[in-house]
**Student:** 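Below you'll find the structure I mean.
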Amino acid sequence: MHSDKDTTLIGYGASNRELERYLSSIGILPSVRTNQNNGEPFFTSEKIAFRSPAVRPDKIKGSAKVTSEIALATELTNGYKIGVTGSDGKTTTSTLIHKMLLADGKSARLCGNIGTPAIIGATETKEDTYTVFEMSSFQLFDMRPTLDCAAITGISENHLDWHTDMGEYVNAKENILANASRSVLLYDKTLLEMSARHESEYSFFALSDFEAPRGAHKSCIKDGFILFDGMRVLEIDKIKLKGKFNLLNIQCALCALYGTVDLDAVSEVAYTFSGVEGRMSVIDTLGGVTVIDSSIDSTPSRTAATLSALDKSRCVVLLGGYDKGLSYEALSDAVRGVKGAVICGANSQKIYEAVRGVVRAHITNNFECAVREACDACESGDILLL
């Protein structure tokens with residue numbers, strides 16, 4: 001058992017607050033350090049430092065061994081462990097996997113980056129428990145979890161305000177494969193190269209047919225069906241989620257669970273699940289205008305994917321947020337053809353410069369004004385996309 005001088009928490013967000021509750025329950029009262037985001041390093045003399053996901057490990061100096069809440073939680077969790085990461089789609093895919101497990105009658109929990117700290121209930125898991133961890137690059141940066149199944153939905157530019165460069169970001173994602181018995185990957189060049197560096201039972205997925213590496217399983221789409229190793233599993237027209245990107249999410253979930261759950265459970269969820277909150281979820285219809293919340297779309301690639309599933313000519317788009325250090329050039333093609341765009345937030349000027357040549361767009365001062373102006377630009381039959 002550690003004393004107060006042995007353990008410290010670096011940062012005090014949701015995950016470390018829950019970790020403190022767990023440590024206190026077993027007699028460990030850690031110290032807590034925060035620096036109010038001033039960028040200064042943390043100096044430690046303790047044996048163990050648990051960092052919040054927002055804190056880079058190289059910002060922690062001193063003698064402490066640096067780890068995290070989710071790293072401890074995966075060690076304490078019993079049963080079957082599935083980890084999901086990726087630049088886009090990991091929340092939807094994690095949710096699909098969890099719902100499919102429940103539909104099959106399994107005892108299943110969903111935790112991690114999706115919002116529920118993984119330490120909650122970790123010690124209560126049993127050998128027949130299935131745990132789905134959504135894992136971010138921040139969490140994976142300095143951990144190599146032991147997993148029964150690891151899934152990567154795909155990798156594109158993201159979080160370059162936190163990572164030093166794209167190479168570091170990709171390396172963090174790759175850590176999920178290091179100790180996985182089974183691995184599920186989008187079929188592309190980057191992930192194929194990754195797979196060659198790790199021993200695992202592999203499944204690959206893509207929208208169109210492809211030649212899978214020898215010995216690997218594959219899922220593709222052909223003649224209106226999602227296939228797994230050539231067998232028709234799901235009929236596309238019956239799937240409730242819209243957009244090609246959601247077909248990839250369903251394929252990823254299918255590959256992760258094939259042989260683990262009955263295919264009836266897979267189809268039950270695929271044919272009824274309408275999406276996670278903030279990801280193409282319909283809020284309401286006001287005056288004939290359909291209001292869609294897709295605020296999880298925090299990168300140009302996500303925005304492009306969402307718009308590809310809608311009639312752009314009837315869309316007024318509300319864009320903005322904080323600056324993640326990304327290039328906004330891809331937004332130019334993404335919003336080409338939309339009815340209009342209203343922009344607000346810390347990154348508003350960068351977005352405006354990227355899109356002003358292809359769409360009627362202007363910047364407003366705050367979110368309330370932005371929503372009002374976007375509503376004013378809509379007519380009956382239009383879509384207001386947040």
Side-chain angles (χ1 to χ4, degrees), residues 80-116 129-135 149-154 184 186 203 205-207 219-221 224-228 231-285 290-298 301-303 305-310 383 385-386:
Y80 196 91
K81 291 179 274 191
I82 303 171
V84 181
T85 194
S87 302
D88 300 323
K90 61 182 178 291
T91 298
T92 298
T93 301
S94 298
T95 303
L96 283 165
I97 292 171
H98 181 238
K99 287 183 175 293
M100 289 172 182
L101 287 165
L102 293 176
D104 196 51
K106 301 283 196 295
S107 172
R109 56 194 287 263
L110 175 61
C111 60
N113 187 66
I114 199 165
T116 302
T129 302
Y130 289 75
T131 300
V132 185
F133 300 92
E134 183 189 322
M135 296 177 163
C149 180
I152 303 180
T153 61
V184 177
L186 177 70
S203 295
F205 62 96
L207 294 176
S219 173
C220 63
I221 294 176
F225 286 86
I226 291 178
L227 278 58
F228 185 89
M231 181 181 72
R232 291 181 172 182
V233 179
L234 295 168
E235 190 173 346
I236 300 297
D237 288 345
K238 292 182 179 179
I239 292 173
K240 194 164 186 179
L241 286 171
K242 302 305 178 186
K244 291 181 179 179
F245 58 94
N246 274 322
L247 295 180
L248 290 171
N249 295 334
I250 290 171
Q251 287 178 273
C252 186
L254 167 64
C255 289
L257 293 178
Y258 193 87
T260 302
V261 303
D262 193 285
L263 291 180
D264 287 342
V266 173
S267 60
E268 177 186 334
V269 174
Y271 295 159
T272 59
F273 179 57
S274 59
V276 299
E277 183 179 353
R279 191 69 171 99
M280 285 190 73
S281 53
V282 176
I283 299 173
D284 206 345
T285 301
T290 302
V291 183
I292 296 179
D293 177 13
S294 207
S295 52
I296 288 179
D297 300 342
S298 58
S301 62
R302 290 186 185 184
T303 301
T306 295
L307 284 169
S308 71
L310 303 172
I383 296 169
L385 180 65
L386 307 176

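If you're wondering where the values come from, they're calculated on a predicted model, not measured in any experiment.
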**Student:** Can you list the residues that meet the side-chain hydrogen bond (donor to acceptor under 3.5 Å, both in side chains) rule with Ser219, with sequence neighbours excluded?
**Tutor:** Gln251
**Student:** Kindly write out the residues that satisfy side-chain hydrogen bond (donor to acceptor under 3.5 Å, both in side chains) with Thr153, not counting sequence neighbours, or none if the list is empty.
**Tutor:** none
**Student:** Only one of Leu101, Val132, Leu102, Thr131 passes side chain to side chain contact (heavy atoms under 4.5 Å, CB included) with Arg109; say which it is.
**Tutor:**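 The single option meeting the side chain to side chain contact (heavy atoms under 4.5 Å, CB included) with Arg109 is Thr131.
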**Student:** Thr93 and Ala253: which non-hydrogen atoms are nearest, and at how many Å?
**Tutor:**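 Taking Thr93 first and Ala253 second, the nearest heavy atoms are CG2-N, 4.1 Å.
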**Student:** Tell me every residue that passes side chain to side chain contact (heavy atoms under 4.5 Å, CB included) with Lys240, counting only those two or more places apart in sequence or in another chain.
**Tutor:**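 Lys240: side chain to side chain contact (heavy atoms under 4.5 Å, CB included) contacts with Ser274.
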**Student:** Can you sort out the partners of Phe225 under side chain to side chain contact (heavy atoms under 4.5 Å, CB included), two or more places apart, ordered by chain and number?
**Tutor:**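 Phe225 satisfies side chain to side chain contact (heavy atoms under 4.5 Å, CB included) with Leu227, Arg232, Glu235 only.
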**Student:** Give the minimum heavy-atom separation between Lys90 and Met135, together with the two atoms involved.
**Tutor:**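 Smallest interatomic distance, heavy atoms only, reads CD-O, 3.8 Å.
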**Student:** Restricting to non-hydrogen atoms, name the atom on Leu241 and the atom on Phe273 that form the minimum distance, rounded to 0.1 Å.
**Tutor:** CG-O, 3.5 Å
**Student:** Is Cys111 close to Phe133 at the side-chain level, that is, under 4.5 Å between some pair of heavy atoms?
**Tutor:** yes
**Student:** From Glu134 CD over to Thr91 OG1, what is the distance, rounded to the nearest 0.5 angstrom?
**Tutor:**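 The OG1 atom of Thr91 is 3.5 Å from CD of Glu134, to the nearest 0.5 Å.
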**Student:** How long is the straight-line distance from CD1 of Ile97 back to SG of Cys252, given to the nearest 0.5 Å?
**Tutor:**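 Rounded to the nearest 0.5 Å, the SG-CD1 separation comes to 6.0 Å.
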**Student:** What is the distance from atom CD of Glu268 to atom OG1 of Thr272, rounded to the nearest 0.5 Å?
**Tutor:** 6.0 Å
**Student:** Hey, could you give me the CD1/CG distance between Ile226 and Leu207, rounded to the nearest 0.5 Å?
**Tutor:** 9.0 Å
**Student:** Run the side-chain contact (heavy atoms from CB on, under 4.5 Å) check on Asp88 and Phe245 step by step: do they pass?
**Tutor:** CA-CA 9 Å; Asp88 300 323; Phe245 58 94; over 6 Å; no
**Student:** Let me confirm one number: the CG-CD1 distance from Leu247 to Ile221, rounded to the nearest 0.5 Å.
**Tutor:**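 Rounded to the nearest 0.5 Å, the CG-CD1 separation comes to 4.5 Å.
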**Student:** Would a 4.5 Å heavy-atom cut-off, applied to side chains only, mark Ile250 and Leu234 as touching?
**Tutor:**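 Yes; the side chains approach each other to less than 4.5 Å.
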**Student:** Just list the side-chain donor-acceptor pairs under 3.5 Å for residues 255-266, sequence neighbours left out, or say none.
**Tutor:**
from   : atom 1 : to     : atom 2 : distance (Å)
Asp262 : OD1    : Asp264 : N      : 2.8

**Student:** Among residues two or more places apart or on two chains, list those pairs meeting side chain to side chain donor-acceptor pair (under 3.5 Å) that have a residue in residues 95-104.
**Tutor:**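 Listed once each, the pairs are Asp104-Lys106.
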**Student:** If you apply the rule side-chain contact (heavy atoms from CB on, under 4.5 Å), what do you find for Leu186 with Phe205, and how did you get there?
**Tutor:** CA-CA 5 Å; Leu186 177 70; Phe205 62 96; 3.7 Å; yes
**Student:** Could you measure the distance from the OG atom of Ser294 to the CD1 atom of Ile383? Nearest 0.5 Å is fine.
**Tutor:**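 So the gap between those two atoms works out to 11.5 Å.
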**Student:** How about Ile239 and Tyr271: do any of their side-chain heavy atoms sit closer than 4.5 Å?
**Tutor:**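 Side-chain contact under 4.5 Å: yes.
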